[in-house]
Structures are given as structure tokens and as C-alpha cells.
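Let me begin by presenting the structure, written as C-alpha cells, before commenting on it.
Basis for what follows: all heavy atoms, side chains included, without hydrogens, waters or symmetry-related copies. Here the structure is a predicted model, which is why all the values come from computation and not from measurement.
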Amino acid sequence: MADDSTSRFQAGQTGLIIRIPDAEPAVRAWRGRFDPSARAGVPAHVTVLFPFLDESRIDSCVCSALTDALGKHRAFDLQFESCGRFPEVLYLAPVPDTQLRRLTEMVADRWPEAPPYGGKFTEVVPHLTIADGQDDAVLDEIEADLLSKLPFTSRVSSVDLMAHDGAKWQRRASFALRE
């Protein structure tokens, strides 16, 4: 989801994510301390599209379109072998990321009014955020710990619609990928 402080999350915001439960043992404590989205109720995940449509726009037609579009994509495996960084951000890098990029492009093409990250970046890099807003020394410490817990593989078989209720993120729907 958004890699912003929890005060920037607004009621009615939505996002599409892929939960990565296999990451939780390695990342839960670090995310709980250093990732605002974790403190706001978002599990370990890779974002497909954030922000998505305002929750007031999510109706049966949107859900049906998501079911149809996502159901055309095959389930796949992701390997997490290494960390990556953006300024003040540490993340796990999923490989391969081709399927993730395709999912983001497909949803963004279908709903052009919802560009990834509000259009802030020219390239969207699939990632699982561990820490945000930290200096290099903190990120170095976290990365050293995480590298001892890698690699792991996670099966991706669905995309979840998350919505912020003003206090926490909640899962509103899940859309299966084709097996």
C-alpha cells in the first residue's frame, strides 16, 4: 500500500494487494516497527495498485470487472531472495516480477483514473516494503537480519481489495487468479 505515515491514510481509500503470508515470520517485527501500513492493518504484501478507486465507487460492476480481469491471469510463484532500496525505504524484491507488472498494468489500463501511486513514479517497481522513512544505519541492520532468513517462495493465487475505514485497513474482497 502507500508507504506514507498512517496519518495520510484516508477513509474510503482502497488498494489492490497480493498478500505474502510466507513473509510474515521474517518481516512481521520489522514491519510492525518501521512500516506505517503494517501499523494500519495491512499484512505483508506486494501492491498491485494503490490508490485504487474511492470505496464509494466500488460496486458490483467494479467487483465483477475485477473478477473477470484477474481471473484471466494464472496463479504464479514468487521468490524472495534479496532486498532492495528506495530513498529511506527497505524492501524485499520479488522475482520474477513480470506477472506483478502485468497485473498492475492491466488494472491501471482498465481504470486510467487510478494510476499507480497517483502517477508519482514513471516506473512502478514491485516490492514488499519492510521499513519506510529510516536512515541507512537502520536499514542496514534490518537488511542484515532479513538476509539470514532468505530465500523463500510464495504462491500468488489471489488479489485482495483493501479499504481504509478511517482507522485501519480492512480486506473487502478477494479475487482469484486462474490455477
Side-chain angles (χ1 to χ4, degrees), residues 1-9 13-52 66 70 73-86 88-104 107 116-117 124-177 179:
M1 305 300 292
D3 295 327
D4 299 329
S5 69
T6 54
S7 64
R8 293 191 187 160
F9 298 137
Q13 279 184 312
T14 67
L16 295 167
I17 68 167
I18 294 170
R19 290 174 182 247
I20 309 292
D22 299 307
E24 290 290 354
V27 305
R28 180 180 294 117
W30 293 119
R31 287 187 70 243
R33 287 176 60 195
F34 298 114
D35 180 2
S37 73
R39 292 190 299 274
V42 182
H45 69 282
V46 176
T47 300
V48 172
L49 188 67
F50 178 84
F52 187 47
L66 283 167
L70 294 168
H73 288 265
R74 286 199 172 281
F76 56 97
D77 291 328
L78 288 176
Q79 183 85 12
F80 293 86
E81 302 171 345
S82 65
C83 295
R85 294 193 188 186
F86 303 126
E88 299 184 337
V89 174
L90 178 72
Y91 63 86
L92 293 181
V95 291
D97 69 4
T98 308
Q99 295 270 30
L100 296 166
R101 290 174 185 271
R102 284 186 191 140
L103 289 171
T104 298
V107 177
Y117 299 101
V124 175
V125 177
H127 63 281
L128 190 160
T129 299
I130 306 300
D132 185 8
Q134 302 302 311
D135 64 34
D136 284 342
V138 172
L139 299 181
D140 290 344
E141 175 189 356
I142 299 167
E143 184 172 3
D145 176 67
L146 289 175
L147 289 175
S148 71
K149 299 172 181 172
L150 299 177
F152 66 87
T153 300
S154 189
R155 181 79 174 157
V156 174
S157 59
S158 64
V159 174
D160 289 349
L161 172 66
M162 302 289 287
H164 198 270
D165 65 10
K168 291 281 190 186
W169 287 96
Q170 305 286 334
R171 181 169 59 174
R172 295 288 191 239
S174 189
F175 305 95
L177 302 180
E179 283 296 334

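Here the options are Val46, Ile18, Asp22, the test is side-chain contact (heavy atoms from CB on, under 4.5 Å), and the partner is Ser154; only Asp22 passes.
Partners of Ser174 under the side chain to side chain donor-acceptor pair (under 3.5 Å) rule, at least two apart in sequence or in another chain, are Asp160. Looking at residues two or more places apart in sequence or on another chain, you find no side chain to side chain donor-acceptor pair (under 3.5 Å) involving Gln134.
Side-chain atoms of Val125 and Phe86, non-hydrogen and from C-beta on, do get closer than 4.5 Å to each other. For the pair Leu103 and His73, the minimum side-chain heavy-atom distance is below 4.5 Å. Within the 4.5 Å cutoff, side-chain heavy atoms of Leu177 are placed close to those of Phe76. You'll find the side chain of Lys168 stays beyond 4.5 Å of the side chain of Phe9, heavy atoms only. When side chains are defined from C-beta on, His45 does not count as touching Met162, because their heavy atoms never get closer than 4.5 Å. Side chains of Arg31 and Leu128 form a contact here, defined as non-hydrogen atoms less than 4.5 Å apart. Contact of the Leu70 side chain with the Val48 side chain is not registered, since no non-hydrogen atoms from C-beta on lie closer than 4.5 Å. Put simply, the side chain of Leu150 reaches to within 4.5 Å of the side chain of Leu92, judged on heavy atoms.
The aromatic rings of Phe152 and Phe80 lie parallel to each other, with less than 30° between the two planes, well short of the 60° mark. In this pair, His127 and Tyr117 present their aromatic rings parallel. The plane angle is below 30°, not in the 30 to 60° band.
Between Arg172 and Asp165 no salt bridge is recorded (no basic side-chain N to carboxylate O distance below 4.0 Å).
When atom types are taken as modelled, the side chain of Glu24 and the backbone of Ala44 share a donor-acceptor pair closer than 3.5 angstrom. Side chain of Arg74 to main chain of Glu179: a donor-acceptor pair is present (N/O by atom type, distance under 3.5 Å, no hydrogens or angles).
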